[in-house]
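We name chains A, B, ... by the order of the sequence lines, and we start the count at 1 in each one.
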Amino acid sequence: MSSCGLQRFKFNHCCKHTIFAPYNAMIMKHYDHVAVEKKWQDYWAKNKTFKAVNHSDKPKFYALDMFPYPSGAGLHVGHPLGYIASDIVSRYKRHKGFNVLHPMGYDSFGLPAEQYAIQTGQHPAITTKENIARYREQMDRIGFSFDWDREVRTSSPDYYKYTQEIFIMLFESWYDKDEDRARPIEELVVRFRESGTTTINAATDEDLREFTAVEWNAFTEKEQQEILLDYRLTFLADTEVNWCPALGTVLANDEIVNGVSERGGHPVVRKKMRQWMMRISAFAERLLNDLEDLDWSDSIKEIQRNWIGKSVGAMVSFKLEKASSPLERIEERLKIDVFTTRPDTIYGVTFMTLAPEHELVDQITTDAQRDAVEAYKKATAARSERERMADVKTISGVFTGAYATHPLSGEPVPVWIGDYVLAGYGTGAVMAVPCGDERDHAFANYFAGQDGMPAIKNIFDGVDISEEAYTAKDNTPICNSDFLNGLSYKEAMKVAIEKLEEIGAGKGKTNYRLRDAVFSRQRYWGEPFPVYYKDGLPQMIDRKHLPIELPEVDEYLPTEDGAPPLGRATTWSWCTMENKVVSNDDDRDCVYPLELNTMPGWAGSSWYMFRYMDANNENEMFSKEAQEYWQNVDLYIGGSEHATGHLLYSRFWVKLLHDLGKVTVKEPFQKMINQGMILGESGYVKITTPYLTESNSAGFSRYSQGLRSFISEDLEIKNEDYKDLELENRYIASVINNWKPVNNHQHLSDNMGSHSLPTRVINNLKYSVEDFINDFKGNITFKDRIIPVSIEFIGHKNILDEEGFKRSHLDSEKFEIIRNENGDFKVSREVEKMSKSKFNVVNPDDICEQYGADTLRLYEMFLGPLEQAKPWNTAGITGVYGFMKKLWKLYHNDNGFSVSEDKASPDSMKTLHKTIKKVQDDIENFSFNTSVSSFMIAVNELTAQKCNGREVLEPLAILVSPYAPHIAEELWSLLGHKESISEAPFPVFDEKHLVESSKKYPISFNGKMKFTLDLPVDATKDELEKLVLSNDKVQQQLEKKTVRKTIVVPGKIVNFVIS
RNA sequence: GCUCGAGUGGUGGAAUUGGUAGACACGUUGGACUUAAAAUCCAAUGGGUAGUAAUGCCCGUACGGGUUCAAGUCCCGUCUCGAGUACCA
């Protein structure tokens, strides 16, 4: 928005109304949104109108928005979309007699503030505070019914002390698979003491050591702690992580898109680091199952299901064959474990493939194959993750020379390595069944005939697998499979697993794609861990000493030796005597180093919905009573981009809190709506740049850039077209280095430096391209590209406001505009995500200023269904603003406020009750756009009816109030009410006002509607038919026709089938 | 590639369980008011076609079929767009 646009508006505004007149409702004839909105925003703030109470006889309703990250850019019109929707529901529920909790806060830890700090030295806390102030100001202008007394900020120590506490709770818990819940670690210690690992079925890494009670009791304290670390729900592990060198931190899987960082698009590499991990995998099954009962969109549920990635199958062990392997040192015990979802196809195993990184590869490779294997491993390691992902077509692999023994048939199975097997999934090894798996099939065919690649074993009766694998599971006719022959898929699965278990070669197993989550970030601006290290073992700081506040650092960068930014803090050690953070120089024995990592962004947002319930509790994260009253969120509104991050992690934490008895609910968000993104409309100007190449006789050539031209979007400049254009006023000789146009010899030679080629300066010469080519032995080519242009300079039919464009985009740069044959300069438009660099960000403040918050609220809803992505286009806003004015007028005449006490007409009552029903149904179904339409219809009808009766206008104000609360409050007070409208009971729909004596029936012939007839609404089928047939128009249609059939549906339609 | 979702005027979008397609709004055109502009109000507005007109006829919900008295809505196939996911054994 240009400031001059605003100025102009203000001017108009003042002309229309009394300038500087003190606001007085009774003399205000015209709708003045500025005065009305200011008045009521102040009123709400002063009276704390929307303060929710934790004890009430009313039913509760908890509406929550995904809280924003307060970025420096402020809110744009896309942000409030969801807030407006939840605000409408909240206000509606208050009218309906609910005690409503509708809070707002800030997810205020995060990268942008930190990066700004790195650049400017400004403490992120200061930036964050400023940004929050701006967000608050913007939100206040829109008139949300938030209970601001419950605001939370994740970066506030008052808040993050409890985030730290939850971390401690995770550390002090283990997962009991028998009872399928998290339990306190002390209970595990008791059981270890009594019976060792024998009775324990815990969620841990594979292959943990087992021990007896006697052994446990004999372990040292340190050994015991080390063992317990393997059981805790948050634990330290050396894992391959996604390290982003540019950001200097690790990233979670969901923070990586297409192999580069989601934020900034920086490359990501694999790196082994010691990190805090969250054992979310223990909860995989519950996270999957509990999706069922959630009222979420299918697509989000599906995304989570895929992310969790459950697959049911079996673990199968293949022993390495000593006899068949030329290598003597392969021990009999050596085996390869594989995970398969198709144990029914076990007799189809033709070979095995290991991931190149698999730990057994080196041990089993024969001397003959060693060079090839080494070379392959090297080649794979050199390929980046991104390359491997991008290139899924190329088949590659190497035979190790080793053979394993088929556990059932006893036949030798060659062992290969190939990068289509991922080290990180399952066991990093597969049993390859080419007849039943596409990838195995492709691999087998690619290496067919080579040493170690036998013919494909086909176990499907009568199925031709020479071209492709048979992957269907139904009606699988299994053959050549001994005891599995003839069994169905399901039976064969079951029988095969039983047999494998019986002979000790495998067992049924369910695998999940969901990995344990990395919880450490090498950042400054995040929650510090409440952890210090003693003898290399992590120790939790007692809860009563929380919060552990972020230390001051001189710079927000990693240290020289690569430690995270907290490594720069000089006061960052823990004294176990004083129980406080002390200087690193303190060399007492009781002082230990503190953890240098901080928590990731999702830590604070994983439990904030509970903090709102009791936001100012200084003794605990929230009281039991508060949580029991509010339960969980009834309506959660936010973007779908958090499907695999926030929405999964918060479900995980809630399950933990539930298991530990901290909350009564299993899920945080019962009903969720994902609002669609509001897209910005950006404009693009096409630029064509001539590149001129000159060459001398010695064969040297120089490349010059001619003056760039802006060309109308509908023109396509080709080389041959351009030949007709003269090079008038172009400075075609230019500087090698930075292509600056130059216009004199001196300047040119300065820039040319030691270049040996003769320089040609064409200074304001008229040269056709042809002449240029002839005279200079030059060549000319053109390149087109587009640059974004602010949408405010794009007029009707995409014609550019050239002056404005020049002023704001080009400074004093010289350029030429090439217009189309009509003399217009056209630009292209694109609808895309709002971003600063595209000049397409629309700020809600300007709309509030010009049209008011009520209009903004209505308009955002009017744009279309909430869940749908839609472009922002201010063009239509005048229609909504017009509606506001018409609404105002219903309550006013030329002399000011005027409402009659007379009985309203039946028509007006009908309009009112029709609208009550529609609006109520719409809000319950979250169809906000259609409500706005029905308001418009109602106001249009009432205006036409000249209705100004209190009987209608009073309930109408309440109907409108959730959508346009300011005007509703004003009208309500003009109607004589002393209290806020916010808790006025919602009008009750009464069907009797809609009852009519007749209905317009559509009369159709062969299914095509010809006209309508007014018919009595209570007429029976037969009566209707008689009435219709007696009608002249109907008879006209039926002339010379035979009625084959008559369909009469009372209340709906009459249809004649004629011929 | 796979999974999910969506295709309706110039535009955003309406349309209960199949029952008057295009509500409402923008835009456009014409008109009223005005010295003029803005604002406001009125009228027309899916396409085609016949008629001076009232009015009528035909075609229309991405495309091709089908079910039905009746299909934007249900079924089958195709295309396009969007989102998610990416060798998951």
- Taking CE from A/M1009 and C1' from B/G56, how many angstroms apart are they, rounded to a whole number? 14 Å
- Task: Give the rounded distance in Å between these two atoms: CD of A/E438 and P of B/C87.
- Result: 16 Å
- Residues passing the side chain to side chain contact (heavy atoms under 4.5 Å, CB included) test with A/N306, sequence neighbours excluded, are A/E302
- Message: Is A/T878 close enough to B/A25 that one of its side-chain N or O atoms is under 4.0 Å from OP1 or OP2 there?
- Response: no
- Whole Å only: how far is the CH2 atom of A/W307 from the C1' atom of B/A86? 11 Å
- Item | Residues in side-chain hydrogen bond (donor to acceptor under 3.5 Å, both in side chains) contact with A/S927, at least two apart in sequence or another chain | A/T930
- Contacts of A/R439 that satisfy salt bridge (Lys or Arg N to Asp or Glu O under 4.0 Å) - sequence neighbours left out: A/D437
- Quote, to the nearest angstrom, the C1' distance that separates B/C63 from B/C79. 7 Å
- Taking atom C1' in both B/G5 and B/C59, what distance in whole Å separates the two? 30 Å
Between the protein and nucleotides 67-69 of chain B, list the N/O to N/O atom pairs that are separated by less than 3.5 angstrom.
unit_1 : atom_1 : unit_2  : atom_2 : d
B/C69  : O2'    : A/N1055 : ND2    : 3.2
B/C69  : O2     : A/N1055 : ND2    : 2.7

- Task: Classify the ring geometry between A/Y881 and A/H33 as parallel (under 30°), tilted (30 to 60°) or perpendicular (over 60°).
- Result: perpendicular
- Query: In whole Å, what separates the P atom of B/U68 from that of B/G18?
  - Reply: 16 Å
- Of all heavy-atom pairs between A/Y891 and A/L887, which one has the smallest distance, and what is that distance? CD1-O, 3.2 Å
- Query: Between A/R305 and B/U3, is there a side-chain N or O to OP1/OP2 distance below 4.0 Å?
  - Reply: no
- Query: From B/U20, B/A86, B/A89, pick the nucleotide closest to the side chain of A/T1012?
  - Reply: B/U20
- Message: Could you tell me how far B/C2 sits from B/U20 if I compare only their C1' atoms? Round to whole Å.
- Response: 43 Å
- Message: Going by ring-ring contact (aromatic ring centres under 6.0 Å, His included), name the pairs with one or both residues in residues 1034-1059 of chain A, residues two or more places apart or in two chains.
- Response: A/F1005-A/F1056
- Message: Say we look at B/A83 and B/U73: how far apart would their C1' atoms be, to the nearest angstrom?
- Response: 24 Å
- A/E867 has an atom CD; how far is it from atom C1' of B/G13, in whole Å? 16 Å
- Message: Expected output check: what is the dot-bracket annotation of RNA chain B, where ( ) and [ ] are pairs inside the strand (brackets for crossing ones), | is paired with another strand, and pairs are Watson-Crick or G-U under 3.5 Å?
- Response: (((((((..(((......[....)))((((((.......))))))(((((....)))))..(((((..]....))))))))))))....
Distances under 3.5 Å only, N/O to N/O: pair up the protein atoms with those of nucleotides 42-49 of chain B.
none

- Message: In this structure, how many angstroms lie between the C1' atom of B/U85 and the CG atom of A/L422, rounded?
- Response: 14 Å
- Query: In whole Å, what separates the P atom of B/A6 from that of B/A14?
  - Reply: 13 Å
- Item | Sugar-phosphate only, base, or nothing, as touched by A/N940 at under 4.0 Å among non-hydrogen atoms | sugar-phosphate
- Quantified in whole Å, what is the C1' atom distance between nucleotide B/U52 and nucleotide B/A39? 38 Å
Quick one: which protein N/O atoms are closer than 3.5 Å to N/O atoms of nucleotides 57-59 of chain B? Pair and distance per line, please.
none

- Item | Distance in angstrom units between A/L354 CG and B/C87 P, rounded | 18 Å
- Message: What's the gap between B/G1 and B/U78 when it is taken at their P atoms, as a whole Å value?
- Response: 13 Å
- Please report, rounded to the nearest Å, how far the P atom of B/C81 is from the NZ atom of A/K870. 23 Å
- Message: Pairing donors with acceptors under 3.5 angstrom, does anything connect the side chains of A/Y1001 and A/T1012?
- Response: no
- Compare the minimum distances between each of B/G12, B/C87, B/A89 and the side chain of A/D419, then state the nucleotide with the smallest one. B/C87
- Query: With sequence neighbours excluded, what pairs up with A/M677 under the side chain to side chain contact (heavy atoms under 4.5 Å, CB included) test?
  - Reply: A/L679, A/K833
- Item | Closest-nucleotide ordering on RNA chain B, the 5'-leading residue of A/K889 and A/T427 | A/K889
- Query: Would you say the side chains of A/Y420 and A/T353 form a donor-acceptor pair under 3.5 Å?
  - Reply: yes
- Decide, yes or no, whether a salt bridge links A/E991 with A/K917 under the criterion of side-chain N to carboxylate O below 4.0 Å. no
- Message: Distance check needed: B/C24 C1' versus A/Y859 OH, whole Å only.
- Response: 13 Å
- Item | Chi-based syn or anti call at B/G9, which uses purine or pyrimidine torsion atoms and a 90° bound | syn
- Item | A/Y347: partners by ring pair (Phe, Tyr, Trp, His ring centres under 6.0 Å), with sequence neighbours left out | A/H406
- Task: Only counting residues at least two apart or in another chain, list the ones meeting salt bridge (Lys or Arg N to Asp or Glu O under 4.0 Å) with A/D516.
- Result: none
- Message: Just N and O in the side chain of A/R439: are any of them under 4.0 Å from OP1 or OP2 of B/C88?
- Response: yes
- Query: When the ring planes of A/H892 and A/W888 are compared, do they come out parallel, tilted or perpendicular, using 30° and 60° as the limits?
  - Reply: parallel
- Query: Is it the case that more than 12 heavy atoms not belonging to A/D298 sit under 6.0 Å from its CG atom?
  - Reply: no
- Hey, is the side chain of A/K1052 pairing donor to acceptor with the base of B/U17 inside 3.5 Å? yes
- Query: Between residues 919-938 of chain A and RNA chain B, which residues have a heavy-atom gap below 4.0 Å?
  - Reply: A/N929, A/T930, A/S933, A/M936, A/I937
- For A/Q868 and B/A6, is the shortest distance between a side-chain N/O and OP1 or OP2 below 4.0 Å? no
- Query: Can A/S640 and A/N674 be counted as having a side-chain donor-acceptor contact under 3.5 angstrom?
  - Reply: no
- Query: Would you say the side chains of A/S297 and A/E867 form a donor-acceptor pair under 3.5 Å?
  - Reply: no
